[in-house]
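Atoms considered below: every heavy atom in the structure, side chains included; atoms not considered: hydrogens, waters and symmetry mates. Note that ligands are numbered from 1 as they come in the structure, with each ligand's atoms numbered from 1 the same way.
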Amino acid sequence: MRNYFINARGRHWLLIIILLAVSAYLPYLIFGAYPIAKRVNLEQEQIEAIVEELDLPNYYELYDYESTEAEQLLEKQAFDGWEGGKCRFCHAVRKDDRDRMAPSLYKILGRPAAVSENFTYSDVLINMRENGLVWTPETIDAFISDPENFVPGNRMRVEGIKDAKTRELIINYLIRESK
Ligand code: HEC
């Protein structure tokens, strides 16, 4: 009888360890979220140095336009919605949004790839930054139309958005909301 309890307790622990391991791994597997380490990616000055060298336009001013309320609703649906990009499910957009399981897209336009705070990026995305990838309306469009092809081996687990109009709405949303 005593032996039974000792064995049963041993098995419980094993089960708990397995459950913990699975619960840490599943978000990674499904969403690409990293459970533990937070890596500081680049110091603010380093980020500014990259951007300065490239002499990019201010995309927020360049593409600024007044969208109607109906357009804004469509943009929001494309960004949030399950039929759209589901981007909201993983990404924060505004400065004061709570952190989600993916990097924040606050001020994403004109920013080098893989520099958002509090997120452990995949090495392939960091490599792309080192090779000069900067997020602009064009590169975001290319990325979300086929993430795996644009950055092979990245951890954003989403199917590409094939519909060009939906991608345009998503990017308009980012121009409007992420500044
Ligand atoms: C299932 C969760 C998930 C969804 C849905 C998702 N993303 Fe991502 N996204 C991620 C993760 C995780 C990364 C980081 C990838 C890496 O490190 O390889 C990422 C990275 C990015 C980046 C690069 C960020 C940076 O700092 O370099 C952009 C831009 C982006 N996503 C835009 C979008 C857009 C637009 C949508 C909607 C069409 C979207 N994402 C939907 C999880 C998601």
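A heavy-atom distance below 4.5 Å is found between the side chains of Glu168 and Asn172. By the 4.5 Å heavy-atom criterion applied to side chains, Trp135 and Tyr59 are not counted as neighbours. Annotation: side chain of Val115 is in contact with side chain of Arg129 (closest heavy-atom distance under 4.5 Å).
The shortest separation from a heavy atom of Phe143 to ligand 1 is under 4.0 Å, placing the residue in contact.
Each of the following atoms of ligand 1 lies closer than 4.0 Å to a heavy atom of Asn154: 18 (O). Of all atoms in ligand 1, listed by their number and element, those nearer than 4.0 Å to a heavy atom of Leu105 are 28 (C), 29 (C), 30 (C), 32 (C). If you number the atoms of ligand 1 from 1 as listed, the ones under 4.0 Å from a heavy atom of Phe119 come out as 12 (C), 14 (C), 17 (O). Those atoms of ligand 1 with a heavy atom of Ala102 less than 4.0 angstrom away are 10 (C), 11 (C), 42 (C). Listed by number with element, the atoms of ligand 1 under 4.0 angstrom from any heavy atom of Ile170 are 35 (C), 38 (C). Within ligand 1, the atoms closer than 4.0 Å to a non-hydrogen atom of Ala114 are 25 (C), 26 (O), 27 (O), numbered from 1 in the order shown. Those atoms of ligand 1 that come under 4.0 Å of a heavy atom in Cys90, given as number and element, are 1 (C), 2 (C), 3 (C), 4 (C), 5 (C), 42 (C), 43 (C). Numbered from 1 in the order shown, with element, the atoms of ligand 1 that lie under 4.0 Å from a heavy atom of Arg111 read 26 (O).
Between Phe89 and Trp82, the two ring planes are perpendicular [angle over 60°; tilted spans 30° to 60°]. Taking the six-membered ring for Trp and thresholds of 30 and 60 degrees, Tyr121 and Phe119 have ring planes more than 60 degrees apart, a perpendicular arrangement.
The OG1 atom of Thr136 lies 7.0 Å from the OH atom of Tyr63; values are rounded to the nearest 0.5 Å. Put simply, CG on Asn58 and NZ on Lys179 are 9.0 Å apart, with the number rounded to the nearest 0.5 Å.
Of the listed residues (Glu117, Met128, Met156, Arg129), the one carrying the non-hydrogen atom nearest atom 10 (C) of ligand 1 is Met156. Taking each of Val115, Ile144, Leu133 in turn, the one with a heavy atom nearest to atom 35 (C) of ligand 1 proves to be Ile144. When Cys87, Gly160, Ala113, Ser122 are ranked by how near their heavy atoms come to atom 36 (C) of ligand 1, first place goes to Cys87.
Residue-level proximity to ligand 1 for Val151 is absent, since no heavy atom of it falls below 4.0 angstrom. In Tyr121, the parts holding a heavy atom less than 4.0 Å from any atom of ligand 1 are both the side chain and the backbone.
Not a single N or O atom of Thr120, backbone or side chain, sits closer than 3.5 Å to an N or O atom of ligand 1. The shortest N or O to N or O distance between Arg157 and ligand 1 is not under 3.5 Å.
By the neighbour-count criterion of 12 heavy atoms within 6.0 Å, atom NZ of Lys95 is sparsely surrounded, having that number or fewer from other residues, nucleotides or ligands. Residue Glu53 qualifies as open at atom CD: its count of foreign heavy atoms under 6.0 Å is 12 or below.
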Could you go through Ser178 and Tyr60, starting from their C-alpha distance and side-chain angles, then the distance that decides it, and tell me whether this counts as side-chain hydrogen bond (donor to acceptor under 3.5 Å, both in side chains)? CA-CA 9 Å; Ser178 73; Tyr60 291 100; 2.6 Å; yes
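A donor-acceptor pair under 3.5 Å is absent between the side-chain atoms of Arg167 and the main chain of Gly85, judged by distance alone.
Between atom 8 (Fe) of ligand 1 and the N, O or S atoms of His91, the shortest distance is to NE2.
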